[in-house]
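Step one of this worksheet: look at the structure below.
We count ligands from 1, going down the list as the structure has it; atoms in each ligand are counted the same way. One-based numbering along the sequence shown. This is a predicted model, so every value here is computed, not measured.
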Amino acid sequence: MVSRDEDVRRTYATDVSGLELVPEGVARPADAVEVAALLAEANASRTPVTPAGGQTSTTGASITDRGILMSLRAMQRVIDIDVDARSVRVEPGVLLGELKRTCAQHDLLLAPDPTSEEECTVGGAIACNASGARSLRYGPTRNHVRALTVALADGSLVELRRPSLEKNTVGYAFAQDAVDWFIGSEGTLGVVVEAELALLPMPEHVIGLAIPFVREKEAFAFVVAARESTAVHPRCLEFFDALALSIARDTGDTSWALGAEAFVYIEEAPIRGVDPALDEWLALADRFGAITDDMRVYDGEASLREARRVRHAIPAHMNERGAARRVHGGRKVSTDWAVPYRELGRAIRRARALASEAGIAQAVIYGHAGNGHPHQNFIADDAAQLSRIERVVEATLREVIALGGTVAAEHGIGKIKRKWLPLQMTPLQLRVMRAVKQELDPAGILSPGNVL
Ligand SMILES: Cc1cc2nc3c(=O)[nH]c(=O)nc-3n(C[C@H](O)[C@H](O)[C@H](O)COP(=O)(O)OP(=O)(O)OC[C@H]3O[C@@H](n4cnc5c(N)ncnc54)[C@H](O)[C@@H]3O)c2cc1C
């Protein structure tokens with residue numbers, strides 16, 4: 001059941017964090033009963049178990065050098081789609097992108113859309129509460145989980161369903177809905193072996209617009225205005241700085257928007273029966289000095305996929321550059337902080353100033369501006385530069401917290417960001433989290449080193 005083969009162990013030793021941790025054994029259960037049996041045995045022998053899906057974690061959450069790495073990839077059945085109830089039941093190892101296409105065949109939308117959706121699993125997306133560009137409209141994965149079956153550390157299987165109550169005053173708020181405990185718990189509280197996810201009607205007509213701006217400042221002002229407008233209906237509002245723009249150019253049209261400092265990508269998805277507000281978008285873009293002649297329009301599914309490919313090229317390019325520095329002790333350093341969306345321009349200016357003061361090359365900054373959530377990606381050439389960058393990131397995170405922000409908006413804490421958890425969580429919050437962990441996993445076997 002557990003492989004100790006060196007080659008197999010090495011296959012599961014890396015994710016996208018740039019760390020390499022070789023597990024002592026690898027288990028690849030085929031069903032929930034096998035997961036439960038493995039956990040019962042591990043709990044009895046105090047052997048650590050770290051669940052893993054697609055291993056696209058950027059925080060080292062899905063790798064370990066302690067005990068067993070439990071890959072859930074073999075559990076990839078779509079159990080049932082209920083078109084009337086708009087829900088789908090799946091095993092955790094199904095790739096999110098594949099599941100979205102299956103649902104789309106029924107004219108239903110599975111909303112969570114991390115950029116990594118073609119490589120990440122449903123279980124991993126639930127365990128990280130993944131979100132994406134379209135979370136501006138649809139919210140993160142948490143909002144779409146109706147029920148979970150979870151294997152607890154002692155090997156028992158529990159079925160949990162969200163209450164469908166609209167009013168409830170029974171018990172402490174955090175205890176009222178046990179489904180929520182496991183979403184975003186990064187494999188530390190239980191292993192998701194089945195999930196029921198809510199689906200939405202597929203929007204009738206979506207258009208994407210890539211809008212270049214002469215000045216970055218105006219791009220931020222445009223994002224705030226678009227978010228607060230009643231004339232347009234964005235389901236995503238994504239910002240790309242000059243460096244991200246140059247990576248985007250390299251994927252195709254190298255002369256696109258040469259006069260621009262930044263661009264904003266929006267998707268407009270009006271309610272059914274209403275046309276996309278193209279004129280309103282143009283008027284809004286004009287107000288903020290956009291280079292509307294260079295605006296790109298993506299209309300139709302194939303065209304939107306192309307926009308997504310360009311978007312994906314940015315983290316993929318940075319991951320490749322980071323991986324190439326691994327032999328020198330360097331890697332990509334990705335931040336995942338967020339601030340209230342009106343504070344984004346200010347936070348990015350401060351983040352850049354802190355890097356400049358430390359003599360660090362500027363990061364690529366892109367991402368979910370509508371949610372005040374950029375990704376600031378540095379490349380550390382070697383170990384010495386890595387620690388200098390980490391100091392800059394920590395200084396940035398302190399300012400982010402002061403602006404009412406978070407140190408990790410969608411990638412979770414994993415192992416890499418654990419040191420920054422106390423910047424945001426009070427000692428009281430940390431004590432409550434430890435008490436929950438102790439109750440659900442008293443022997444501490446689940447995903448040691450993640451989160452706490
Ligand atoms: C290019 C790129 C782009 C990305 N873009 C985004 C983005 O836009 N938004 C976003 O949110 N994230 C993004 N990520 C991060 C990552 O892809 C997501 O967090 C993803 O949801 C992780 O899924 P996974 O299957 O790869 O999980 P893994 O990396 O395998 O695991 C992640 C965590 O989940 C736990 N886990 C996995 N399966 C289970 C299970 N069945 N039960 C319990 N715990 C489990 C693991 O222990 C680990 O703690 C990106 C990553 C890359 C490489």
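- Of all protein heavy atoms, the one lying nearest to atom 41 (N) of ligand 1 is Val192 O, 3.1 Å.
- Counting only heavy atoms from C-beta outward, the side chains of Phe222 and Ile211 approach each other to under 4.5 Å.
- What sits closest to atom 23 (O) of ligand 1 on the protein, heavy atoms only, is Cys120 CB, 3.3 Å.
- Interface of Val191 with ligand 1, defined as ligand atoms under 4.0 Å from a residue heavy atom, comprises 42 (N), 43 (C).
- The distance criterion of under 3.5 Å between nitrogen or oxygen atoms is met by Glu410 with respect to ligand 1.
- Interatomic distance, Arg4 CZ to Glu24 CD, rounded to the nearest 0.5 Å: 7.0 Å.
- Between Asp113 and Lys100 there is a side-chain heavy-atom pair separated by less than 4.5 Å.
- Contacts between Thr121 and ligand 1 below 4.0 angstrom, taking non-hydrogen atoms only, involve backbone and side chain alike.
- Close N/O approach between Arg311 and ligand 1 is not found [any backbone or side-chain N/O within under 3.5 Å].
- Nearest protein heavy-atom contact of atom 8 (O) of ligand 1 is Thr115 N, 2.9 Å.
- Residue, atom and distance of the protein heavy atom nearest to atom 32 (C) of ligand 1 are Cys128 SG, 3.5 Å.
- The shortest N or O to N or O distance between Glu186 and ligand 1 is under 3.5 Å.
- Residue contacts with ligand 1: Ala52 is included, with a non-hydrogen atom under 4.0 Å away.
- Those atoms of ligand 1 that come under 4.0 Å of a heavy atom in Ala125, given as number and element, are 21 (O), 23 (O).
- With rounding to the nearest 0.5 angstrom, the OG atom of Ser17 is 8.5 Å from the NZ atom of Lys415.
- Protein heavy atom nearest atom 52 (C) of ligand 1, with residue, atom name and distance: Ser116 CB, 3.9 Å.
- Gly414 does not count as a contact of ligand 1, since none of its heavy atoms falls under 4.0 Å from the ligand.
- Near Val16, meaning under 4.0 Å from one of its heavy atoms, ligand 1 places the atoms 53 (C).
- Residue contacts with ligand 1, taken as heavy atom pairs separated by less than 4.0 Å, involve Asn450 solely via side-chain atoms from C-beta onward.
- Residue Thr56 has at least one N or O atom closer than 3.5 Å to an N or O atom of ligand 1.
- The part of Leu72 lying near ligand 1 is the side chain, judged by heavy-atom distances below 4.0 Å.
- Comment: Glu98 does not engage Arg101 in a salt bridge, judged by the lack of any side-chain N to carboxylate O separation of less than 4.0 angstrom.
- A salt bridge does not link Arg137 with Glu267: none of the charged nitrogens is closer than 4.0 Å to a carboxylate oxygen.
- His368 contributes atom NE2, which lies 11.5 Å from atom CG of Leu344 (distance to the nearest 0.5 angstrom).
- In terms of protein heavy-atom proximity, atom 31 (O) of ligand 1 is closest to Ser62 CB, 3.4 Å.
- Applying the 4.0 Å criterion to heavy atoms of Gly187 picks out, from ligand 1, the atoms 44 (N), 47 (O).
- With a heavy-atom cut-off of 4.0 Å, Leu96 does not touch ligand 1 at all.
- In this structure, Asn319 is part of the shell of residues with a heavy atom less than 4.0 angstrom from ligand 1.
- Atom 24 (P) of ligand 1 has as its closest protein heavy atom Gly54 N, 3.5 Å.
- For the side-chain contact (heavy atoms from CB on, under 4.5 Å) with Trp337, the qualifying choice from Ile401, Leu397, Leu403 is Leu397, the only one to do so.
- Within ligand 1, counting atoms from 1 as listed, the ones closer than 4.0 Å to a heavy atom of Ala130 are 11 (O), 21 (O).
- Between Arg331 and Glu390, at least one side-chain nitrogen of the basic residue sits less than 4.0 Å from a carboxylate oxygen of the acidic one, meeting the salt-bridge criterion.
- Looking at heavy atoms from C-beta onward, Thr121 lies in side-chain contact with Arg73 at the 4.5 angstrom threshold.
- Between Thr335 and Thr396, every side-chain heavy-atom pair lies at or beyond the 4.5 Å cut-off.
- Applying the 4.0 Å criterion to heavy atoms of Gly190 picks out, from ligand 1, the atoms 43 (C).
- When each atom of ligand 1 is checked for a heavy atom of Gly123 under 4.0 Å away, the hits are 38 (N), 39 (C), 41 (N).
- Looking from atom 27 (O) of ligand 1 to the surrounding protein, the closest heavy atom is Gly124 CA, 3.4 Å.
- Remark: ligand 1 and Pro92 share no N or O pair separated by less than 3.5 Å (distance only, no angle test).
- Here's the thing with Ala127: none of its N/O atoms is less than 3.5 angstrom from an N/O atom of ligand 1.
- A salt bridge is defined here as a Lys NZ or Arg NE, NH1 or NH2 lying under 4.0 Å from an Asp or Glu carboxylate O, and Glu117 with Arg308 meets this definition.
- Within the 4.5 Å cutoff, no side-chain heavy atoms of Asn377 are placed close to those of Asn319.
- Minimum interatomic distance between Pro29 and Met75 (heavy atoms only, all atoms of both residues): O-CG, 3.6 Å.
- Close approach of ligand 1 to His411 (heavy-atom distance below 4.0 Å) involves ligand atoms 6 (C), 10 (C), 12 (N), 13 (C), 14 (N), 15 (C).
- Taking the ring centroids of Tyr265 and Phe240, they lie at or beyond the 6.0 Å cut-off.
- The parts of Ser57 lying near ligand 1 are both backbone and side chain, judged by heavy-atom distances below 4.0 Å.
- Between Pro51 and ligand 1, an N or O atom pair is found at a separation short of 3.5 Å.
- Inclusion of Ser131 in the set of residues having an N or O under 3.5 Å from an N or O of ligand 1 is warranted.
- Counting heavy atoms under 4.0 Å from ligand 1, residue Glu119 does not touch it at all.
- Taking the side chain as every heavy atom from C-beta outward, Pro234 and Trp281 approach each other to under 4.5 Å.
- We find that Asp180 and Arg162 are joined by a salt bridge, their nearest charged nitrogen and carboxylate oxygen being less than 4.0 Å apart.
- Between Tyr172 and Phe174, the ring-plane angle classifies as tilted under the 30° and 60° cut-offs.
- Under a 4.0 Å N-O distance rule, the pair Glu216/Arg352 qualifies as a salt bridge.
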